[in-house]
Amino acid sequence: MSAKHATLGDYAEFHFPLVQDKTKAARRINTWLQVSLLERFPGGPGETPFDAVWPKEGSWTGVTYLDYQVVTNSEGFLSIVFNGEYTGAYPSAFSQSYRFETRTGQPLFLTTLFTDDGVQKLRYRVDELQLDDIDAFLKAAPSSGLDQEEAETQADLYRECGENIRKGLYDEREWQLRADALVMMRGCGFPHVARALDDLGDKESRFDYETLAPWLNEYGRCLLLEKRTDCPLPERGPEGVFFGEIDDRFPVTLVLGAWSGPAWYAYDKYKVPIRLHREASKEGERVLTRRDDGDSTEAFTLKWTDQGGLAGTWRRPGKVPLPVRLN
């Protein structure tokens with residue numbers, strides 16, 4: 001999908017992938033990507049797919065550039081990276097990576113592929129590499145192109161970055177699945193006004209799948225090492241795209257954990273995105289509410305099923321709850 005934004009001075013062109021397939025897997029991939037980055041459901045209303053995120057006429061606030069690259073398209077998984085720019089008070093570049101297993105189209109996360117201990121060891125190893133980068137840089141002579149104040153600001157920002165890494169504030173790093181290796185990005189992400197001082201920039205931490213073998217779970221070894229397409233499906237985590245019905249009459253799609261918000265759903269007939277809020281859950285239930293001026297106007301109360309789906313009820317205040325099943 002592509003479109004040009006007519007109100008931007010340089011007529012920026014936007015590009016977005018669309019999986020051309022009628023399977024549920026393709027529908028899940030398209031839904032996850034469009035809800036995450038475009039805040040829309042595939043086929044929803046609007047003159048272009050980008051209407052919800054790019055600047056309105058007369059304004060510069062919004063996504064002002066968006067493009068993508070397919071990193072890996074194998075039989076077992078798909079890995080895509082998006083590069084874009086969001087403009088508020090000033091332009092800010094962003095990069096966002098997504099991975100999917102191709103049999104069901106559900107997104108892949110570190111916890112899908114690694115044991116709990118393996119996730120921690122991978123993150124710790126990347127933290128170590130970045131701390132080594134920072135320590136070596138701070139011990140070296142300051143850049144000759146900086147004056148004293150700039151050099152002190154640069155050193156302070158790297159020290160602050162190091163402290164944040166030690167506090168575990170860099171756990172959610174960008175990562176990609178390539179044909180033979182997992183690549184995780186490491187960088188401090190200096191604020192816009194100091195970005196020119198970030199001499200270290202972003203670096204890739206590359207781990208071939210053989211090296212990662214001790215940290216992978218059964219599914220991760222099957223998918224990445226054995227490169228099989230018949231791997232037993234992993235136990236579903238709290239994120240993903242789910243299809244089903246309310247009261248066996250109203251087909252809906254529910255998206256949990258997308259980049260744009262904790263939960264969204266849409267009636268398949270209308271495809272209008274409805275944002276949901278996560279409430280405190282109890283006894284294994286997940287409660288998602290739609291709010292209007294702070295008041296709940298509808299709510300899902302859901303539990304995981306043994307088959308990896310969700311079941312429960314949907315209700316409006318004062319109305320009889322209706323059954324919900326999602327897979």
Side-chain angles (χ1 to χ4, degrees), residues 25 28-29 32-33 36 69-82 95-136 161-189 200-241 256-259 304 306 308:
R28 281 196 177 95
I29 294 170
W32 183 267
L33 291 175
S36 292
Q69 177 186 358
V70 176
V71 177
T72 309
N73 186 7
S74 69
E75 289 189 11
F77 62 86
L78 172 69
S79 184
I80 303 178
V81 61
F82 290 83
S95 178
Q96 194 73 21
S97 298
Y98 297 90
R99 298 108 349 225
F100 303 90
E101 57 98 354
T102 54
R103 189 146 41 122
T104 69
Q106 291 287 17
L108 291 170
F109 303 93
L110 291 178
T111 52
T112 319
L113 302 168
F114 291 80
T115 64
D116 291 344
D117 184 58
V119 171
Q120 294 305 314
K121 287 181 176 177
L122 174 63
R123 287 173 172 165
Y124 180 74
R125 180 61 185 135
V126 177
D127 286 350
E128 281 187 322
L129 291 171
Q130 188 170 1
L131 289 171
D132 288 345
D133 293 341
I134 293 171
D135 289 343
C161 178
E163 288 303 311
N164 288 336
I165 293 170
R166 294 182 179 92
K167 292 176 182 176
L169 301 182
Y170 282 76
D171 280 354
E172 300 303 322
R173 298 178 185 271
E174 283 295 298
W175 61 282
Q176 302 169 5
L177 289 178
R178 299 188 181 171
D180 58 353
L182 181 149
V183 172
M184 185 171 285
M185 304 304 296
R186 62 184 196 268
C188 287
L200 288 176
D202 292 333
K203 295 185 178 182
E204 293 186 351
S205 305
R206 185 183 183 281
F207 302 89
D208 63 68
Y209 296 134
E210 290 289 344
T211 300
L212 295 174
W215 302 343
L216 295 170
N217 59 26
E218 181 181 357
Y219 177 74
R221 287 192 294 271
C222 180
L223 183 69
L224 302 178
L225 280 176
E226 301 170 21
K227 300 186 183 302
R228 287 166 45 194
T229 58
D230 62 344
C231 302
L233 291 176
E235 183 178 342
R236 283 256 49 90
E239 298 94 359
V241 179
L256 297 176
W259 191 44
W304 293 104
D306 293 338

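Residue numbers count from 1 along this sequence.
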### Task
Evaluate side-chain contact (heavy atoms from CB on, under 4.5 Å) for Phe77 paired with Arg99, printing each intermediate quantity in order.
CA-CA 7 Å; Phe77 62 86; Arg99 298 108 349 225; over 6 Å; no
## Note on the structure
Here the salt bridge (charged side-chain N to carboxylate O under 4.0 Å, His left out) pairs for residues 107-117, sequence neighbours left out, are Asp117-Lys121
### Message
Taking salt bridge (charged side-chain N to carboxylate O under 4.0 Å, His left out) as the cut-off, I'd like each qualifying pair that reaches into residues 213-227, sequence neighbours left out, listed once.
### Response
Glu226-Arg228
### Task
Ignoring hydrogens and angles, tell me if any N or O in the side chain of Tyr98 forms a donor-acceptor pair with the backbone of Ile80 under 3.5 Å.
no
### Query
Less than 4.5 Å apart, any side-chain heavy atom of Val126 and any of Arg173?
yes
### Message
Can a donor-acceptor pair be found, under 3.5 Å and without considering hydrogens, that links the side chain of Thr72 to the backbone of Leu177?
### Response
yes
### Query
What are the two closest non-hydrogen atoms of Gly105 and Phe100, and how far apart are they?
O-CD2, 3.4 Å
### Message
I'd like to know if Arg178 pairs up with Asp208 as an ion pair, taking the criterion as any Lys NZ or Arg NE/NH1/NH2 lying under 4.0 Å from an Asp or Glu carboxylate oxygen.
### Response
no
#### Entry: Check ion pair Arg28-Glu101 (N to O, under 4.0 angstrom)
no
### Query
Who pairs with Arg125 by side-chain contact (heavy atoms from CB on, under 4.5 Å), at least two apart in sequence or on another chain?
Glu128, Leu129, Phe207, Trp215
### Side chain to side chain, Leu78 and Ile29, heavy atoms closer than 4.5 Å
yes
### Task
Would you mind checking if Arg186 and Asp202 are paired as a salt bridge, meaning a charged N to carboxylate O distance below 4.0 Å?
no
### Closest non-hydrogen atom pair between Leu108 and Leu113, with its separation
CD2-CD2, 4.4 Å
